[in-house]
Colleague: 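Encoded as structure tokens, here's the structure I'll be asking about.
Just so we're on the same page: letters track the sequence lines, and every chain starts at 1.
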Amino acid sequence: MEAIELKNVTKRYGGVTALDGVSLTLEAGKIYGLLGRNGAGKSTLLGVLSNRIFADGGTAFINGNPVGSSAAQDLLFCVGEANYYRPACRVKDLFFWAGKFYAGFDETLAEEIAGKFRLDVNRRFKSLSTGYRSICKLTLALALRIPYLVFDEPVLGLDANSRELFYTLLLGSYAKNGGTVVLATHLIEEVASLLEEVVLIDHGKILLQRSAESLRESGYCVAGPEQEVDRYCAGKHVVGEDRLGGLKLAYCLGGREPVPAGSPLQFSQMSLQKLFVKLTEREAENG
Amino acid sequence: MKKRNAAILYEFRVSFPYLLLFYAIQYGVVAALWLLARGVMGLSEGRLFGTLELCSMIFLAVAGAQGFTEDFKMLMQNGVPRGTIFLANLALFASFSAVMALIDTVVLRALGQNSVAEPLTWALYGREFPSAANWLWLFLLYCSVSMSFYAATLACHKIGRVWSFCAGGVLLALLLIGLPVTVGMLPAEGRERLALFFLRLFGIPAAGGSPLAPFALFLGLSLLWSACAFGLLRRTELR
Amino acid sequence: MQLDLLSEKPIFQQIAGQIEDAVFTGGLAEGSRAPSTNELAALLGINPHTVLKGMNLLVEEGILEKKRGMGMYVAQGAVEAIRRKRQAQFYRQYVRPLLEEAAKLNMSRADVAALLEKEEKHGSD
């Protein structure tokens with residue numbers, strides 16, 4: 001099967017459970033957003049997928065190959081937050097080595113992309129600024145054709161121009177070569193329009209997995225007098241509430257029910273970010 | 001296959017310059033000291049350099065420790081499986097050991113002829129020790145040294161910095177205080193037996209040791225450390 | 001081209017609407033090549049599948065047509081098709097909301113009609 005499949009994956013660090021029985025299927029050919037707050041378990045999940053860390057329990061497969069097998073490792077490339085490249089290497093040497101390790105790496109394309117980012121390929125990795133180290137890592141990933149490309153907080157420390165350029169290049173390469181992209185981030189608004197499917201993770205558990213389009217359509221806010229709002233919300237999936245004076249705002253997920261003409265209720269769309277914040281807030285209250 | 005070849009190529013490209021640098025420095029120092037001794041101080045007799053092999057061992061120890069820390073990250077980032085990383089490291093250490101054993105055998109025996117230096121094997125087994133055996137003896141010794149430090153670095157990484165320092169401290173204390181004290185407490189007969197055991201382990205002919213003993217010892221140690229390193233590396237996380 | 005992620009309208013419908021506008025106002029002439037999915041996706045920072053969904057909507061309505069291996073083109077008669085569609089939607093999209101709002105403001109039909117007449121005479125003020 002062309003997919004990443006996790007079954008009941010658990011990972012503990014001492015007394016902290018970073019991943020708590022995560023089961024997840026990421027089908028090939030989509031751009032996924034793995035969204036979660038800091039410490040939600042995003043990085044741990046990607047670490048398990050890229051075989052950098054080991055799960056304490058459960059199984060993980062990439063296209064049917066167990067994670068850790070060389071077949072699985074040839075299918076996935078992970079750009080993490082930490083820098084693992086040899087600090088003394090020049091950027092162009094890193095390109096050279098990527099070409100040696102990956103059949104799908106295009107050195108000429110890498111030089112081209114580096115030019116667009118104004119990344120000096122003759123600099124040593126350790127002499128680059130934090131932002132340019134990120135750019136260097138992103139360049140290495142963008143010039144690589146591989147079925148699964150996984151990014152952990154890719155744009156942290158990048159200026160607006162570089163972020164824009166990264167998203168444009170990523171979409172261009174995705175449109176041209178296909179493949180599967182996973183963007184793990186807490187900067188939800190920024191990636192929202194790129195995503196085809198959204199996976200929300202919190203406290204090491206998957207809160208929900210939905211297509212971005214359906215989430216956008218099904219999340220809404222209803223505002224009005226408290227009693228009216230409560231009456232409307234009865235039996236609906238309410239993810240959060242706010243109060244503004246006498247006005248009550250309820251955040252709902254699901255189909256919108258038509259209200260009779262003259263109803264004091266007002267409806268508005270809820271952004272992915274708002275939905276996410278409300279969902280994780282509630283989780284914190286319950287937990 | 002691509003990953004394996006690339007990993008081995010990477011190991012050699014990155015580490016080989018250090019080997020050249022090491023020998024350049026070592027023989028630069030040797031030449032300078034020789035000139036100083038012969039030319040300036042006018043000494044014309046006597047051995048100047050005892051155990052240049054020890055320098056090689058220190059180099060290999062550093063290489064063994066370094067082999068993990070930096071290369072592991074770089075190779076992991078490039079999707080090389082842990083088994084392949086181990087293989088590449090093993091290939092590097094074995095090649096380094098082979099090349100260094102060859103250089104040390106040839107050069108030190110040549111210098112030995114002029115009494116400038118003395119090969120370690122001559123000091124232990126006498127001048128009749130054959131050159132091929134000399135190479136193999138050094139090769140296996142170097143392998144066991146580099147692999148032991150490689151395994152030790154992996155173990156340190158596994159148990160963390162604090163416990164590594166504790167373990168190192170305890171080990172050092174045992175070696176520097178515990179061992180002499182224990183030996184000192186042994187009866188004379190026991191001490192003699194212990195000495196004899198070690199002499200035989202290294203195959204010293206005067207102690208009645210088998211000439212094959214040191215080869216078996218170094219080979220056994222190399223295999224043991226390799227197995228330890230492999231077992232540790234397979235369970236090492238990249239964080 | 002401007003998209004509103006917070007609009008009630010799904011993004012793919014917004015994209016379809018924008019292209020349709022461009023065709024209707026003559027920015028994209030009948031028979032000319034429509035922007036490719038990938039160009040639009042990269043330009044707007046939108047998932048290519050979403051863009052494609054929007055363009056397919058226009059293909060279904062006969063405004064765009066696929067040419068094998070050459071991408072999407074604006075169909076002949078697209079402008080007329082859009083006009084017919086918009087005429088059909090005119091009541092629901094403009095007249096009904098107008099009357100609903102008028103009702104909330106306690107304005108009679110006659111008031112609305114008078115306003116329309118005034119608009120016709122003097123233009124907007």
Side-chain angles (χ1 to χ4, degrees), chain A residues 27-33 116 142 155 160 163-181 183 188-198 211-222 256 260-264 266-275, chain C residues 1-19 33-58 60 66 69-72 91-93 95-109 112:
Chain A
E27 285 168 37
K30 291 183 181 175
I31 300 182
Y32 284 91
K116 286 181 182 166
L142 287 168
V155 298
R163 288 175 184 218
E164 189 94 334
L165 183 56
F166 167 66
Y167 294 133
T168 304
L169 290 171
L170 181 69
L171 281 173
S173 143
Y174 171 75
K176 200 168 127 218
N177 306 319
T180 310
V181 177
L183 293 166
I188 296 164
E189 216 62 339
E190 203 168 304
V191 296
S193 62
L194 267 68
L195 307 177
E196 190 164 355
E197 202 154 316
V198 171
S211 91
E213 193 73 53
S214 85
L215 259 189
R216 207 172 281 122
E217 279 170 22
S218 64
Y220 64 95
C221 170
V222 54
R256 209 178 290 192
S263 160
Q266 284 194 323
F267 292 86
S268 62
Q269 200 72 8
M270 177 164 45
S271 72
L272 205 53
Q273 172 132 330
K274 193 81 182 172
L275 174 64
Chain C
M1 218 178 239
Q2 198 95 63
L3 296 171
D4 180 6
L5 288 179
L6 272 181
S7 158
E8 312 248 330
K9 241 177 157 182
I11 294 176
F12 72 94
Q13 281 180 12
Q14 291 186 48
I15 288 172
Q18 300 269 354
I19 298 172
R33 199 173 78 84
S36 80
T37 314
N38 300 347
E39 283 167 4
L40 275 175
L43 178 75
L44 302 171
I46 300 284
N47 190 295
H49 287 136
T50 311
V51 178
L52 189 65
K53 207 169 153 189
M55 307 216 19
N56 281 334
L57 215 60
L58 296 176
E60 276 169 36
K66 281 181 190 161
M70 294 170 61
M72 304 261 201
Y91 172 74
R92 193 169 53 79
Q93 272 194 347
V95 180
R96 202 158 62 189
L98 179 78
L99 295 178
E100 276 171 9
E101 183 68 13
K104 280 187 207 164
L105 299 172
N106 291 332
M107 289 166 72
S108 69
R109 293 286 160 100
V112 175

Colleague: So how far is it from C:Thr50 OG1 to A:Glu213 CD, rounded to the nearest 0.5 Å?
Modeller: 6.0 Å

Colleague: Near A:Gln266 CD, under 6.0 Å, is it more than 12 heavy atoms from other residues, nucleotides or ligands?
Modeller: no

Colleague: Do you know which two heavy atoms are closest between A:Gly29 and C:His49, and how far apart they sit?
Modeller: O-CE1, 3.2 Å

Colleague: Under the ring-ring contact (aromatic ring centres under 6.0 Å, His included) test, which residues partner A:Tyr32, sequence neighbours left out?
Modeller: none

Colleague: Where do A:Ala175 and C:Asn38 come nearest, in terms of heavy atoms and distance?
Modeller: CB-OD1, 3.0 Å

Colleague: Is it the case that more than 12 heavy atoms not belonging to C:Gln93 sit under 6.0 Å from its CD atom?
Modeller: yes

Colleague: How long is the span from the CG atom in A:Leu171 to the CG atom in C:Asn47, to the nearest 0.5 Å?
Modeller: 7.0 Å

Colleague: Can you say whether A:Leu195 sits under 4.5 Å from chain C via the side chain, the backbone, both, or neither, judging by heavy atoms?
Modeller: backbone

Colleague: Tell me, for A:Tyr174 versus chain C, whether the close heavy atoms (under 4.5 Å) come from the side chain, the backbone, both or neither.
Modeller: side chain

Colleague: Residues two or more places apart in sequence or in another chain: which of them pass ring-ring contact (aromatic ring centres under 6.0 Å, His included) with A:Tyr167?
Modeller: none

Colleague: Name the option with the most non-hydrogen atom pairs under 4.5 Å to chain A; the candidates are C:Gly45, C:Ala103, C:Ser36.
Modeller: C:Gly45

Colleague: Answer with side chain, backbone, both or neither: which region of C:Lys53 has an atom nearer than 4.5 Å to a non-hydrogen atom of chain A?
Modeller: side chain

Colleague: So how far is it from A:Ile31 CD1 to C:Ile46 CD1, rounded to the nearest 0.5 Å?
Modeller: 10.5 Å

